Amino acid sequence: MNRGWILLGILCLSYIPSIVRAGKAACHDPFYGRCYGIPHTCPAGCPKLCEIDCRLCKPYCSCDRPGAVCQDPRFIGGDGLMFYFHGKKDKDFCLVSDPTVHINAHFIGKSGKKGRDFTWVQSIGVLFGSHQLYIGAKKVSKWHESVDNMLIQLNGEEIMVPAGMSKRWRSPVTGLKIQGIAETNKVKVTVEGLVEIEARVVPISSEESRVHGYDITEDDCFAHLELNFKFHTLSKRVDGVLGQIYRSSYRSRVKLAAAMPIMGGADKFNTLHLFATDCAVSNFGLKKGIAEGGEPLTT
């Protein structure tokens, strides 16, 4: 047998997920036969962590797609524009608030030398109907990719998602579905008719710490979430750090020409705890008429 085919088989079978640590990624959906199993080099923007668009058969950075929340929180709005919202460490902020879904985030971080906190999203709380969904990163000292460091709870009860790619858990009563899309630390969560969330747990690497001056120590690698949101129906009054940008009437106040465009207004997004709906821009639970109806979204 041709040695090239043997090598390709090893690359495809030795690690199932579409995210790998060696700067390569492959499509693992057999439906896309011409792309299936072919390794691609990750883009320069995410050289060690990328995914493959199986339809286009091209690698991409998840953190560069609309609806992304990554890094020292870096957001990509529904309009495709990028901005930062630093918030404050050990505080909770409203990311999205709409009559049928409300999403808060808990920030962790370290005090920086330039007068602001370095912050990352440690967990999110999703409210829909009478339900509370928690997705969070466990505290980790030394990072091991083979160890699952994600915690998911529904109404206070831990959900044990079967290990492995394409394994599924579902709750017909709540309309919640959770699918593993890597062996560890990555899931796709669907709240039927409302939102899809891809969540990954990642650490701060020693190289990131060195480059950005995070001063991360060996007792805590600040494991945190990287998130991608896709909303199905939002009202015209949707708000929150990320949610406001999905309004058709929204006009950005961020200085986009700045090296680090920053979204201010932390006070109006601040909330008491992860499942609180008390932020100044909260719309959760409003009647449909008051919320002026919904707008189908494809982002």
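The figures that follow rest on heavy atoms only: side chains count, while hydrogens, waters and symmetry mates do not. Computed from a prediction, not measured in an experiment: that's the story for all the values here.
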Chemist: Does Glu207 have any side-chain hydrogen bond (donor to acceptor under 3.5 Å, both in side chains) partners at least two apart in sequence or in another chain, and if so, which?
Modeler: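 Glu207 satisfies side-chain hydrogen bond (donor to acceptor under 3.5 Å, both in side chains) with Arg210 once adjacent residues are dropped.
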Chemist: Where the side chain of Asp148 meets the backbone of Asn185, is there a donor-acceptor pair that is under 3.5 Å apart?
Modeler: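 Confirmed, Asp148 side chain pairs with Asn185 backbone.
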Chemist: Who pairs with Asp72 by salt bridge (charged side-chain N to carboxylate O under 4.0 Å, His left out), at least two apart in sequence or on another chain?
Modeler: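 Applying salt bridge (charged side-chain N to carboxylate O under 4.0 Å, His left out) to Asp72 gives Arg116.
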Chemist: Applying side chain to side chain contact (heavy atoms under 4.5 Å, CB included) to Cys27 and His40, what does each step give before you reach the verdict?
Modeler: CA-CA 9 Å; Cys27 170; His40 295 258; over 6 Å; no
Chemist: Is the closest side-chain heavy-atom distance between Cys57 and Arg34 below 4.5 Å?
Modeler: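 No - every pair of side-chain heavy atoms lies 4.5 Å or more apart.
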Chemist: Are the side chains of Phe229 and Leu227 in touch, meaning some heavy atoms are under 4.5 Å apart?
Modeler: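 A side-chain contact exists here, since the closest heavy-atom pair is under 4.5 Å.
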Chemist: When you measure from the SG of Cys54 to the SG of Cys35, is the result less than 2.5 Å?
Modeler: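 No - the two cysteines, Cys54 and Cys35, have SG atoms at least 2.5 Å from each other.
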Chemist: Just jot down the side-chain hydrogen bond (donor to acceptor under 3.5 Å, both in side chains) partners of Asp64, sequence neighbours excluded, or say none.
Modeler: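 Arg74.
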Chemist: Identify the heavy atoms of Asp92 and Asn270 that sit nearest to each other, and give their distance.
Modeler: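 That closest heavy-atom pairing would be O-OD1, 3.3 Å.
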Chemist: What's in the same ILVMFWY side-chain cluster as Phe31, cut-off under 4.5 Å, chained through other members?
Modeler: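 Result for Phe31 is Tyr32.
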Chemist: Which heavy atom of Ala26 sits nearest to which heavy atom of Gly37, and what is that distance?
Modeler: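 Scanning both residues, the minimum pair turns out to be CB-C, 4.0 Å.
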Chemist: Can you tell which of Arg200, Arg65, Glu198 makes a side chain to side chain donor-acceptor pair (under 3.5 Å) with Asn228?
Modeler: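 Of the listed residues Arg200, Arg65, Glu198, the side chain to side chain donor-acceptor pair (under 3.5 Å) partner of Asn228 is Arg200.
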Chemist: Do His102 and Ser282 have side-chain heavy atoms sitting under 4.5 Å apart?
Modeler: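 Contact flag for His102/Ser282 side chains = yes.
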Chemist: Can you list everything that forms a disulfide bond (SG atoms under 2.5 Å apart) with Cys70? Sequence neighbours excluded, please.
Modeler: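 Listed in chain order: Cys63.
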Chemist: Under 6.0 Å between ring centres, would you say that holds for Tyr246 and Phe231?
Modeler: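 Aromatic pair counts; centres sit under 6.0 Å.
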Chemist: Pick one: which of His232, Lys230, Lys177 meets side chain to side chain donor-acceptor pair (under 3.5 Å) with Glu196?
Modeler: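 When side chain to side chain donor-acceptor pair (under 3.5 Å) is applied between Glu196 and each of His232, Lys230, Lys177, only His232 qualifies.
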Chemist: Below 6.0 angstrom between ring centroids: does that apply to Phe83 and Phe85?
Modeler: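 No: the rings miss the under 6.0 Å criterion.
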Chemist: Can I get a per-line list of side-chain donor-acceptor pairs under 3.5 Å for residues 120-133, giving both atom names and the distance, sequence neighbours left out?
Modeler:
unit_1: Gln122; atom_1: NE2; unit_2: Tyr134; atom_2: OH; d: 3.3
unit_1: Gln122; atom_1: NE2; unit_2: Ala137; atom_2: O; d: 2.8
unit_1: His131; atom_1: ND1; unit_2: Asn155; atom_2: ND2; d: 3.2

Chemist: Relative to the ring of Phe107, is the ring of Phe93 parallel (under 30°), tilted (30 to 60°) or perpendicular (over 60°)?
Modeler: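 Tilted: the ring planes of Phe93 and Phe107 meet at 30° to 60°.
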Chemist: Quick check: do Leu225 and Val202 have side-chain heavy atoms less than 4.5 Å from each other?
Modeler: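 Not touching, per the 4.5 Å side-chain cut-off.
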Chemist: Is there less than 2.5 Å between the SG of Cys46 and that of Cys61?
Modeler: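 Yes, the SG atoms sit under 2.5 Å apart.
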Chemist: Under 3.5 Å, side chain of Asp117 to main-chain N/O of Gly109, donor-acceptor pair present?
Modeler: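 Checked: no pair found.
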Chemist: For residues Leu154 and Thr174, determine if any side-chain heavy atom of one lies less than 4.5 Å from a side-chain heavy atom of the other.
Modeler: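 Of all side-chain heavy-atom pairs linking Thr174 with Leu154, at least one is under 4.5 Å.
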